[in-house]
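Have a look at the structure below before the remarks.
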Amino acid sequence: MNSINRRTVLAGLGAAGTGLLAACGRDVPDTPSLLSPTGSQVARVERKRGATGRVVSLNVTAAPATLDLGGGVLAKSWAFSGQVPGKEIRISAGDTLSAELSNQLPGATTTSLHWHGISLRSDMDGVPPVTQDPVRAGSNFTYRFVADKPGTYFFHPHVGVQVDRALYAPLIIEDPKEPLSYDDEWVVVLDDWLDGVTGTPDDVFTELSHHMPGMDMNSTGSSRTTSSRSPSPSMPMSVSAPGSPSASSGDNPSTRFRLSGAASPLLGRDAGDVSYPYHLINGRVPTDPAVYNGTPGRRVRLRLVNAGADTAYRVALGGHKLTVTHTDGFPIVHEEVDTLLVAMGERYDVLVTLDDGVFPLVALAEGKDVTGMALVRTGSGGLPDPAVRPKELDGRTVTAGQLRASDGVRLETKDPDQVLRVKLTGSMGTYDWAINGKRFDMADPTSNPLLVQEGQRVRLDFVNATSMWHPMHLHGHTYQLGDTGPRKDTTIVLPRSKVSVLFDADNPGQWMLHCHNAYHSEAGMMALVAYGA
């Protein structure tokens, strides 16, 4: 794959994008005939969703913003409605969401909205150039779809590495027949942060990619529109906690973002690629944290969302046990834990009964030895040390593979109609991340599809041939881990390991399958799961 084509195609898709979408439904030599994201089959399934008839209309504006991260830290970034996280959207299952995106990003920057984890109509999935043309700067696009599955979700762009800015926000779909009993809830969004502090996500990708041959990393026509910014005067070129892994800095600007020495037994080997100066919880740094105020004895539902680009977090609430109830929007058999590992793109819901006092909610950047922190306050007490490590972080840790789906959402047991091998390939050395040895080509997105047919039971065998872990995300569907595991749309695949997942091909269209490390997917670890015509 020629990466210069990947960058320039997104900038000039006004006319070409329409042609690409039109081509999806017709035969091309050596290419199978695929269902169009705008086809009649897509509309047919949409009509069958359990709609309430209620329409929730809103506007989402993507624009430059100076963000107050707390503790005197100001960051110039791109954000939704000038805040981080963006304003929460909350609707009921079966409502129709009508969200108008206004692109006010600088220059010729294009963007989109991807509704992460939602089983929705294919043409509203927000993936240029597969399901739509990119939304040009100064233009608007309205996403309209029935959201019929309750759960904890979020939304973000699907263009370049824009997800590593402030362009993300939670989307909560409430269950009108909610079976859980609790007194209150708190949405908790985790994020690794560097934009406007030590550089930009485009600077990071440039460095990680080593200016590989054929790559024009500063193309002014790029949808990612690189803008060079100097680090804040109060910040060094790379920031790390004492004893933590760090990026090289010194006088060599070409290695100021790349992380070395990050390792975690939970993640197999290499824990991450990028050195971040801050790890945020609800947009705040640990020295000036976000606070939940409650009363002792209240039962609170925490909805955890990892919106980060390169970091898995081990999450714990000091002095408390967590009861895990959902993952990626779907209920599980309840499991009591001390701490929980949350990869990029994953969401978990937990219940906690609050004690009396002030307690740190800590997100340990797994393998990076630095933390984000928020506070739960139910009584008197001072601010904990921002670097506090509650003992729960070393207690019982649970990952998705140890959980079981609730009876009501477990897939019916049957043999798969089709098995697709999804081999994860690449390395940090050449930064050539790919699926089945092929880096996804934005200039030819329907080449080499993983072909499925409506009505099939499909098994995906993720085979990780690399020395890094990958959180693998499937659009438009949820899959089940093995025969009894949880229903998910994003799951960790450890190095040199295999994970098998099952899903029913019940949502026709064209769907991305990719690593939710923003830099791995941008380098090419993506594939198209497409329904045959």
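Every heavy atom of this structure was used, including side-chain atoms; hydrogens, water molecules and symmetry mates were not. Everything numeric here is computed off the predicted structure, so don't read it as measured data.
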Least distance between heavy atoms, [X] atom then [Y] atom:
{"X": "Trp469", "Y": "Ala343", "value": "CZ3-CB, 3.7 Å"}
{"X": "Pro384", "Y": "Val358", "value": "CD-CG1, 4.3 Å"}
{"X": "Leu364", "Y": "Val370", "value": "CD1-O, 3.6 Å"}
{"X": "Gly283", "Y": "Pro85", "value": "N-CD, 3.9 Å"}
{"X": "Thr111", "Y": "Pro157", "value": "OG1-CB, 3.6 Å"}

Do [X] and [Y] make a side-chain contact, defined as non-hydrogen atoms from C-beta onward lying under 4.5 Å apart?
{"X": "Thr152", "Y": "Pro170", "answer": "no"}
{"X": "Leu361", "Y": "Trp186", "answer": "yes"}
{"X": "Val159", "Y": "Pro128", "answer": "yes"}
{"X": "Thr478", "Y": "Ser119", "answer": "no"}
{"X": "Gln402", "Y": "Leu481", "answer": "no"}
{"X": "Leu280", "Y": "Val285", "answer": "yes"}
{"X": "Pro201", "Y": "Arg165", "answer": "yes"}
{"X": "Leu304", "Y": "Tyr313", "answer": "no"}

- Task: Carefully, step by step, assess Val161 and Tyr519 under the rule side-chain contact (heavy atoms from CB on, under 4.5 Å).
- Result: CA-CA 7 Å; Val161 288; Tyr519 299 97; 3.9 Å; yes
Only counting residues at least two apart or in another chain, list the ones meeting ring-ring contact (aromatic ring centres under 6.0 Å, His included) with [X].
{"X": "Phe154", "answer": "His116, His156"}
{"X": "Trp193", "answer": "none"}
{"X": "Phe80", "answer": "Phe155"}
{"X": "Phe462", "answer": "none"}

- Task: Determine, step by step, whether His473 and His114 satisfy the side-chain contact (heavy atoms from CB on, under 4.5 Å) criterion, reporting the C-alpha distance in whole Å, the side-chain angles of both residues, the deciding distance to 0.1 Å, and the verdict.
- Result: CA-CA 12 Å; His473 173 52; His114 166 58; 3.5 Å; yes
My understanding is that only residues two or more places apart in sequence, or in another chain, count here; which of them pass side-chain contact (heavy atoms from CB on, under 4.5 Å) with [X]?
{"X": "Ala316", "answer": "Thr339, Glu392, Leu393"}
{"X": "Ser264", "answer": "Leu266, Leu267, Ala271, Glu366"}
{"X": "Arg421", "answer": "Lys423, Val463"}
{"X": "Pro286", "answer": "Met373, Pro386"}

- Message: Tell me whether Arg404 at atom CZ has more than 12 heavy atoms from other residues, nucleotides or ligands lying less than 6.0 Å away.
- Response: no
Can a donor-acceptor pair be found, under 3.5 Å and without considering hydrogens, that links the side chain of [X] to the backbone of [Y]?
{"X": "Asn436", "Y": "Lys438", "value": "no"}
{"X": "Asp310", "Y": "Val274", "value": "yes"}
{"X": "Thr378", "Y": "Gly357", "value": "yes"}
{"X": "Ser209", "Y": "Thr206", "value": "no"}
{"X": "Arg258", "Y": "Glu207", "value": "no"}
{"X": "Arg439", "Y": "Ala523", "value": "yes"}
{"X": "Asn282", "Y": "Ala290", "value": "no"}
{"X": "Asn464", "Y": "Leu494", "value": "yes"}
{"X": "Arg396", "Y": "Glu336", "value": "yes"}
{"X": "Ser406", "Y": "Ile332", "value": "yes"}

- Measure the spacing between CE of Met512 and CG of Leu474 and express it to the nearest 0.5 Å. 10.5 Å
- Rounded to the nearest 0.5 Å, what's the gap from CG on Leu180 to CG on Leu351? Could you check? 5.5 Å
- Aromatic rings Trp433 and Tyr431: how do their planes relate, parallel, tilted or perpendicular, breaks at 30° and 60°? perpendicular
- Which ring pair (Phe, Tyr, Trp, His ring centres under 6.0 Å) pairs, counting each pair once, include a residue from residues 334-359, with sequence neighbours left out? His320-Phe359
- Note on the structure: Those residues at least two apart in sequence (or on a different chain) that pass salt bridge (charged side-chain N to carboxylate O under 4.0 Å, His left out) with Asp270 are none
- Message: Do Asp273 and His520 pair up side chain to side chain, a donor and an acceptor below 3.5 Å, judged on atom types alone?
- Response: yes
- Please check if any side-chain donor atom of Asp203 sits under 3.5 Å from a side-chain acceptor atom of Thr200, or the reverse. yes
- Query: Which residue pairs pass the salt bridge (Lys or Arg N to Asp or Glu O under 4.0 Å) test when at least one of the two sits in residues 377-386, sequence neighbours left out?
  - Reply: none
- Item | Pairs flagged by salt bridge (Lys or Arg N to Asp or Glu O under 4.0 Å) wherever residues 486-502 is involved - sequence neighbours left out | Asp328-Lys488, Glu346-Lys488, Arg347-Asp489, Asp461-Lys498
- Could you check Thr311, Asp164, Thr198 and say which one makes a side-chain hydrogen bond (donor to acceptor under 3.5 Å, both in side chains) with Tyr276? Asp164
- Query: Given Asp349 and Arg303, is the salt bridge (charged side-chain N to carboxylate O under 4.0 Å, His left out) satisfied, shown in steps?
  - Reply: CA-CA 5 Å; Asp349 292 18; Arg303 296 180 182 264; 3.4 Å; yes
- Message: Applying side-chain contact (heavy atoms from CB on, under 4.5 Å) to Leu74 and Leu69, what does each step give before you reach the verdict?
- Response: CA-CA 6 Å; Leu74 299 178; Leu69 305 182; over 6 Å; no
- Item | side-chain contact (heavy atoms from CB on, under 4.5 Å) assessment of Ser427 paired with Asp432 | CA-CA 6 Å; Ser427 70; Asp432 55 347; 3.7 Å; yes
- Can Lys321 and Asp338 be said to form a salt bridge (charged side-chain N to carboxylate O under 4.0 Å, His left out), step by step? CA-CA 5 Å; Lys321 297 278 190 180; Asp338 294 302; 2.8 Å; yes
- Message: Go through it in stages, so that I can follow the logic: the residues are His279 and Asp191, the test is side-chain hydrogen bond (donor to acceptor under 3.5 Å, both in side chains), and I'd like the CA-CA distance, side-chain angles, deciding distance and then a yes or no.
- Response: CA-CA 6 Å; His279 294 272; Asp191 190 22; over 6 Å; no
- Do the two ring centres, one from His516 and one from His514, sit under 6.0 Å apart? yes
